[in-house]
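Quick one: the structure is below, questions incoming.
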Number of protein chains: 2
Amino acid sequence: MKSDSTVLPDVFRICFEHYNKAKNLPTGKIKNPNEILREFDFEIKKNPADAAELFKDMQLYLKLTPNTLTPNFQNQLFSGLNQYALAGDWLTSVTNTTMATFEVSPMGTLVEKKLIEHMNRLVGWENGDGTMATGGSNANMISLLVARNKMFPEIKKEGQLNKRLIIFVSEDAHYSFEKAANILGIGLDQVKKIKTNPNGEMEPSHLEEMARVSLSVGECPFFVAATAGTTVLGSFDPIDRIHEISKKFNLWLHVDGAWGGSVLLSSRHRHHLKGIENVDSMTWDTHKMIGTGLMSSFFLTKHNGILRSSHNHGGEDYIFHESEIAEWDSGPSSLQCGRRSDALKVWLTWRSLGDIGIEIQIDNLFAMAIKAKEMILEYKELELMYEPSSLNICFRYRSVSDVNTLNKKIRHRLLEEGIFFINIATRKKETFFRLIIVHPDLNETHLYKLFSDIIRLGNKIKEETEFCMLKT
Amino acid sequence: MKSDSTVLPDVFRICFEHYNKAKNLPTGKIKNPNEILREFDFEIKKNPADAAELFKDMQLYLKLTPNTLTPNFQNQLFSGLNQYALAGDWLTSVTNTTMATFEVSPMGTLVEKKLIEHMNRLVGWENGDGTMATGGSNANMISLLVARNKMFPEIKKEGQLNKRLIIFVSEDAHYSFEKAANILGIGLDQVKKIKTNPNGEMEPSHLEEMARVSLSVGECPFFVAATAGTTVLGSFDPIDRIHEISKKFNLWLHVDGAWGGSVLLSSRHRHHLKGIENVDSMTWDTHKMIGTGLMSSFFLTKHNGILRSSHNHGGEDYIFHESEIAEWDSGPSSLQCGRRSDALKVWLTWRSLGDIGIEIQIDNLFAMAIKAKEMILEYKELELMYEPSSLNICFRYRSVSDVNTLNKKIRHRLLEEGIFFINIATRKKETFFRLIIVHPDLNETHLYKLFSDIIRLGNKIKEETEFCMLKT
């Protein structure tokens, strides 16, 4: 380790240029692994590389990584990055501290605690609990773990034996609940899928029926997750009605608001989460709709102290010392021992926007989503697949034959051209584009260009196919 | 979101100054939560804060966070931060991409894969598998999960029923195995503690006995973890002998090398891990001994493809599309869906040092640890608790009465003075300082000052106590 840094000014320069330019640049052409392996030397050598060489590597890394900062990146449930989020993440890196104990990470601990208090108040919980997680999937897993340890406290000590634990999620829920059921030893088969209506919202009557059947065959149903913003359609499950059923059958009610949780800040749109104050816990990723940078995932719960009683075990011999500040240590309520401090970037972003700034940002996104829908309806070549519930706009290029394949091909060409990055999804055997309206700077010009390009490529592929058919 | 960043140059300036100065600064005085809550305004407001205000917050955040970059930070198993690690983390933040699919994170994916290949080769595995984890505890949990799903494949689907799964770790092992047993539904009681010898190394004969007893009472023992570098003493369990027993009883053999894994790079010290090529899996944190920044945790295994078969489930409808590059997606072999790309900082650090540079760094740390031990032996006021196995130097200030309390008090005063940050540990009812030799720039001057300060404070507290006793 050199005693002074010589490379950081150069690194800052390329990061800063990238940040300021990327918004107006395309997403970048995709390349396959073998192309990249030829273009970039990944090998770790016996001998040191010099600074100039490493600086070139960094530049090439930036060049070969898709640009997620542009409004043309519409592939994921996040796009863009608030400048304060980046600032906060840089500060987190340079302080390089770990979240296990208060004494080593006093600021990281308090910033996280205060953020969680603020978010809990927005949910409607005055005295809740929470922790940051390493992603929405991880936060969903924590909900299952906490619920299991609350409702079957003997499992923590004795393990899961002789009990078939059952969890309910809708057929449009995120797959992370199944991943969690695998991890927790509950088993994939014990994740029961509740039907959704044509808009992708959970059917409470089916939940009630499934819970009754499960009990009647001697299983232990204990958990239901409603989704606030489904991954593909952006639908919101009816929390109020699911809550009635969860009470009746004594189920822990979790809301997966990884995607849609942020609408709590909008007085115009928070009705999507009506009844949220009655649920037991919630997942909320602020890196999605608020642009706070990866990862900014939160697990929140109205049950104070439940994380520590669920997770705490060990470490007293060397790290969690008895003291008057021991209750402030976040390690005992975490799944980890050391963990990266992730709160600062969220906190700075939130302070910079204020609740009002986030509300405006979200309201603008919803307005732009309506605009996108209207534009699609005007193009005869395009077909709207679902009436949008929120910011997911599902549409496809029309075709009477091979419509799924054709749309997959259009997407592939789009990625090869490198202007837009947009995902496709398949639901009930139909494949379509899933356009995510989430970048705060996304405007009608971006949308116009995207739709034109999809139509251009669709027409072109159709022509090529017809030409091939003529030849044979 | 502003269209251009206006704050990043100022953020860089304070980060850069902090990085270059911190090495020569003290660790900082500790404050209790209430003091900090008075000094810093954590509240999130309705209205935006302006740039000047936020910049002050950032400066205060740096000031109130303990300095982990100085060689005087000896509290954790990491200290200091390579400049390329910081550079890599900054680039990761500005690219803000997620590791689920190859197409969105081609460079992140390949850098991680190539690093894991390199590390596996150092272990002795030509065709292994691996993933980055969110900490050493998480990597240890992955080992348990993968082993369970390999040895009891029905659990993934059906859940854990009617089987008492048993895991073995030494009584000096890290508490993360118990945390993992809680998460996985195996249960804390099923973590059986194997005795250690006076140096803190696992007694293989006791493991053999425990495995036999467990089988004889109808349990399902399936896993043993050896530790390469225990948390308190830095001891290495005898892998070769544990391997013989694991073969005999068909146990998955994992090595928790979170702390000590890096000695594989030193031809002088890698004998501590003799036999590592025979084990099934390994945890290795490069942020500890190599200084690559939090978090740089790896789970490695010799079993190719096992992560995907253990973890994979779902997501095909919207993210993991069938394609010729689908095998490159890292999501299906991860516990998460989206996750932060953590590999670049490790890769840049490793390239900058080369294997040789890391070897030199580690050999120097071992030499400095011997120096520390010799210095302690020379002070009549100090007592060496254990013959050091590696880089953990356990010692205390001597006292005929109340020695545990006295050493705790010394530590507390040390933290209040804010020059050194060093931890205490308690083992077999004895409390002592656990000095971690891990900062590459740590030298005899730092050690001399630390020991003098401990002796000064010890003498002072003794005097005060005697004075109090005289008075009563």
Side-chain angles (χ1 to χ4, degrees), chain A residues 1 4-5 8 11-12 15-16 20 33 42 44 46-49 61 64-65 68 81 83 87 89 93-97 107 114 118 134-135 137 156-160 175 178 182 184-189 232 294-295 313-315 317-318 328 336-338 340 350-351 354-355 357 425-426 440, chain B residues 1 4-5 8 11-12 15 20 33 42 44-49 61 64-65 68 81 83 87 89 93-97 107 114 118 134-135 137 156-160 175 178 182 184-189 232 294-295 313-315 317-318 328 336-338 340 350-351 354-355 357 425-426 440:
Chain A
M1 226 176 269
D4 268 352
S5 166
L8 291 176
V11 174
F12 169 69
C15 287
F16 185 59
N20 280 340
F42 290 90
I44 290 174
K46 210 173 164 63
N47 292 312
Y61 185 96
L64 291 168
T65 296
T68 70
L81 180 66
Q83 61 175 337
D89 223 27
S93 301
V94 78
T95 46
N96 198 43
T97 191
M107 290 301 288
K114 288 291 174 179
H118 188 73
T134 59
S137 295
K156 182 174 177 183
K157 222 167 155 289
E158 296 166 20
Q160 186 188 331
Y175 73 98
E178 281 144 306
N182 173 28
L184 267 57
I186 291 172
L188 300 176
D189 286 353
V232 175
L294 301 166
M295 304 307 294
H313 185 83
D317 50 345
Y318 80 100
W328 295 83
Q336 283 111 322
C337 181
R340 181 176 166 87
W350 208 310
R351 287 268 284 200
D355 289 343
T426 301
Chain B
M1 225 177 270
D4 267 354
S5 165
L8 292 175
V11 174
F12 170 69
C15 287
N20 280 342
F42 289 91
I44 289 173
K45 310 278 163 60
K46 209 171 165 61
N47 292 312
Y61 185 97
L64 290 169
T65 296
T68 70
L81 179 66
Q83 62 175 336
D89 223 25
S93 302
V94 79
T95 47
N96 197 42
T97 192
M107 290 300 289
K114 288 292 174 175
H118 188 73
T134 58
S137 294
K156 183 175 176 182
K157 225 170 153 291
E158 295 166 20
Q160 185 188 331
Y175 73 97
E178 279 144 307
N182 173 27
L184 269 56
I186 290 172
L188 300 176
D189 286 354
V232 176
L294 301 166
M295 305 302 299
H313 184 82
D317 49 346
Y318 80 100
W328 295 83
Q336 284 111 322
C337 180
R340 182 177 164 88
W350 209 310
R351 287 267 285 201
D355 288 343
T426 302

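Note that the coordinates shown come from a computational prediction; the quantities given were computed from them, not determined experimentally.
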- Task: Quick one: which of A:K157, A:E158, A:Q160 has the most heavy-atom pairs under 4.5 Å with chain B, could you say?
- Result: A:K157

- The interface call for A:H118 against chain B, heavy-atom contacts under 4.5 Å, is side chain

- Message: Heavy-atom cut-off 4.5 Å, strictly under: side chain, backbone, both or neither for A:T426 against chain B?
- Response: both

- Portion of A:F16 that has a non-hydrogen atom of chain B nearer than 4.5 angstrom: side chain

- Most contacts with chain B, counted as non-hydrogen pairs under 4.5 angstrom, among A:L184, A:V232, A:D317, A:N182: A:N182

- Do you know which of A:G357, A:G338, A:A87 has the most heavy-atom pairs under 4.5 Å to chain B? A:A87

- Task: Measure the shortest side-chain to side-chain distance between B:T97 and B:M107 over non-hydrogen atoms and say whether it is less than 4.5 angstrom.
- Result: no

- Take B:K156 and A:L188 through the test side chain to side chain contact (heavy atoms under 4.5 Å, CB included) and record every step on the way to the result. CA-CA 6 Å; B:K156 183 175 176 182; A:L188 300 176; 4.1 Å; yes

- Item | Approximate separation, where rounding is to 0.5 Å, of A:L64 CG and B:T95 OG1 | 12.0 Å

- Note on the structure: Contacts of A:Y175 meeting side-chain hydrogen bond (donor to acceptor under 3.5 Å, both in side chains) (sequence neighbours excluded), chain-then-number -> none

- Query: Using a cut-off of under 4.5 Å for heavy-atom pairs, which of A:P48, A:C15, A:G314 has the most such pairs with chain B?
  - Reply: A:P48

- Nearest 0.5 Å please: distance from the NZ atom of B:K45 over to the CG atom of A:D355. 11.0 Å

- Query: With only heavy atoms counted, which part of B:V11 is less than 4.5 Å from chain A, the side chain, the backbone, both or neither?
  - Reply: side chain

- Among A:W328, A:W350, A:Y318, which has the most heavy-atom pairs under 4.5 Å with chain B? A:Y318

- Message: Is any side-chain heavy atom of A:R340 closer than 4.5 Å to one of B:R340?
- Response: yes

- Of the listed residues (B:A425, B:G185, B:G315, B:G135), which shares the most heavy-atom pairs with chain A below a 4.5 Å separation? B:G185

- Task: Can you tell which part of A:I186 gets under 4.5 Å to a heavy atom of chain B, answering side chain, backbone, both or neither?
- Result: backbone

- Most contacts with chain B, counted as non-hydrogen pairs under 4.5 angstrom, among A:N96, A:T134, A:D89: A:N96

- CG-CG distance between A:L8 and B:N20, expressed to the nearest 0.5 angstrom: 7.0 Å

